[in-house]
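Presented below is the structure to which this report refers.
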Amino acid sequence: MEYDDFSALIVQPGSGALILFAIYTIHIFSRGDEQVPTGFMKGALLFWVLFPPLWFYLEYWLMANGYIVEAGDRVDLERFKNYSDYAANVWAAVLACVLFLYPKASNR
């Protein structure tokens, strides 16, 4: 699969959905709403701890092993690493907010 197709089909819609979920999670955790089940909060916390690093690894592995190519050639892994650094910083910021707000949200 070419990187442009992979990006259009998976990365771009997935990034938009994750941004919305991050905003929603931070909003819910900051309010400490008693209507939100504890299971959702634990699941959201677990999601933000595990999913992004697993995704970064999977995406890098697919590109490094030639499953995702760029116009008939391997993807420029250096450019991809730069993108991943920015994405990892965003993930770390979301995770920091969630971890900071989790005690407030769970002590209702």
Side-chain angles (χ1 to χ4, degrees):
M1 173 183 282
E2 289 195 6
Y3 183 75
D4 291 339
D5 296 335
F6 177 74
S7 179
L9 291 173
I10 297 172
V11 174
Q12 292 172 1
S15 297
L18 284 176
I19 289 169
L20 292 176
F21 185 59
I23 292 168
Y24 177 73
T25 302
I26 291 170
H27 174 72
I28 291 296
F29 277 43
S30 67
R31 287 188 340 179
D33 193 352
E34 293 188 19
Q35 300 296 325
V36 178
T38 305
F40 170 80
M41 291 190 303
K42 289 180 181 177
L45 179 63
L46 186 64
F47 174 85
W48 285 112
V49 168
L50 294 178
F51 181 77
L54 291 173
W55 173 257
F56 293 144
Y57 174 77
L58 176 66
E59 193 175 25
Y60 182 81
W61 185 85
L62 289 171
M63 290 179 192
N65 290 299
Y67 291 102
I68 300 172
V69 296
E70 187 169 46
D73 198 8
R74 288 184 176 256
V75 174
D76 180 7
L77 290 178
E78 197 59 39
R79 188 181 85 188
F80 174 73
K81 286 179 185 178
N82 290 335
Y83 147 77
S84 292
D85 285 342
Y86 293 124
N89 289 335
V90 171
W91 163 68
V94 170
L95 183 60
C97 288
V98 169
L99 289 173
F100 177 74
L101 295 171
Y102 183 77
K104 176 185 176 188
S106 63
N107 289 331
R108 317 183 214 142

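In what follows, every heavy atom counts, from backbone to side chain, and hydrogens, waters and symmetry copies are set aside.
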Practice task
Determine which pairs satisfy side-chain hydrogen bond (donor to acceptor under 3.5 Å, both in side chains) with at least one residue from residues 88-97, sequence neighbours left out, and list them in order.
Solution key: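 Sorted pair list comes back empty.
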Practice task
Go through the structure and list residues passing side-chain contact (heavy atoms from CB on, under 4.5 Å) with Leu58, not counting sequence neighbours.
Solution key: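 By the side-chain contact (heavy atoms from CB on, under 4.5 Å) rule, Leu58 matches Trp55, Leu62.
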Exercise for the section: Tell me, please, which residues at least two apart from Leu18 pass side-chain contact (heavy atoms from CB on, under 4.5 Å). Expected result: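 Partners of Leu18 under the side-chain contact (heavy atoms from CB on, under 4.5 Å) test: Phe47, Trp48, Phe51.
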Practice task
Output the distance between atom CH2 (Trp61) and atom CG (Leu54), rounded to the nearest 0.5 Å.
Solution key: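 These two atoms lie 14.0 Å from each other.
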Can you give me the closest heavy-atom contact between [X] and [Y], atom names plus distance?
{"X": "Met63", "Y": "Phe6", "value": "CE-CE2, 4.5 Å"}
{"X": "Ala8", "Y": "Pro13", "value": "O-CD, 3.4 Å"}
{"X": "Val98", "Y": "Ile26", "value": "CG2-CG1, 4.4 Å"}
{"X": "Phe29", "Y": "Met41", "value": "CZ-O, 3.5 Å"}

Practice task
Could you walk me through whether Glu59 and Val11 pass side chain to side chain contact (heavy atoms under 4.5 Å, CB included), step by step?
Solution key: CA-CA 10 Å; Glu59 193 175 25; Val11 174; 3.4 Å; yes
Please say yes or no: joined through hydrophobic side-chain contacts below 4.5 Å, possibly via intermediate residues, are [X] and [Y] part of one cluster?
{"X": "Val94", "Y": "Leu46", "result": "yes"}
{"X": "Tyr83", "Y": "Tyr67", "result": "yes"}
{"X": "Tyr24", "Y": "Leu101", "result": "yes"}

Exercise for the section: State, with a plain yes or no, whether a side-chain heavy atom of Leu45 is found less than 4.5 Å away from one of Leu99. Expected result: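 Yes, side chains in contact.
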Handout entry: Residues clustering with Ile19 (ILVMFWY side chains joined when closer than 4.5 Å, directly or via others)
Key =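 Traced through the cluster, Ile19 reaches Ile23.
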Exercise for the section: Please write out which residues are connected to Leu20 in a hydrophobic cluster, directly or through intermediates, given that two of Ile, Leu, Val, Met, Phe, Trp, Tyr count as joined at side-chain heavy-atom separations below 4.5 angstrom. Expected result: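 For Leu20, no cluster forms, as it stays isolated from other hydrophobic side chains.
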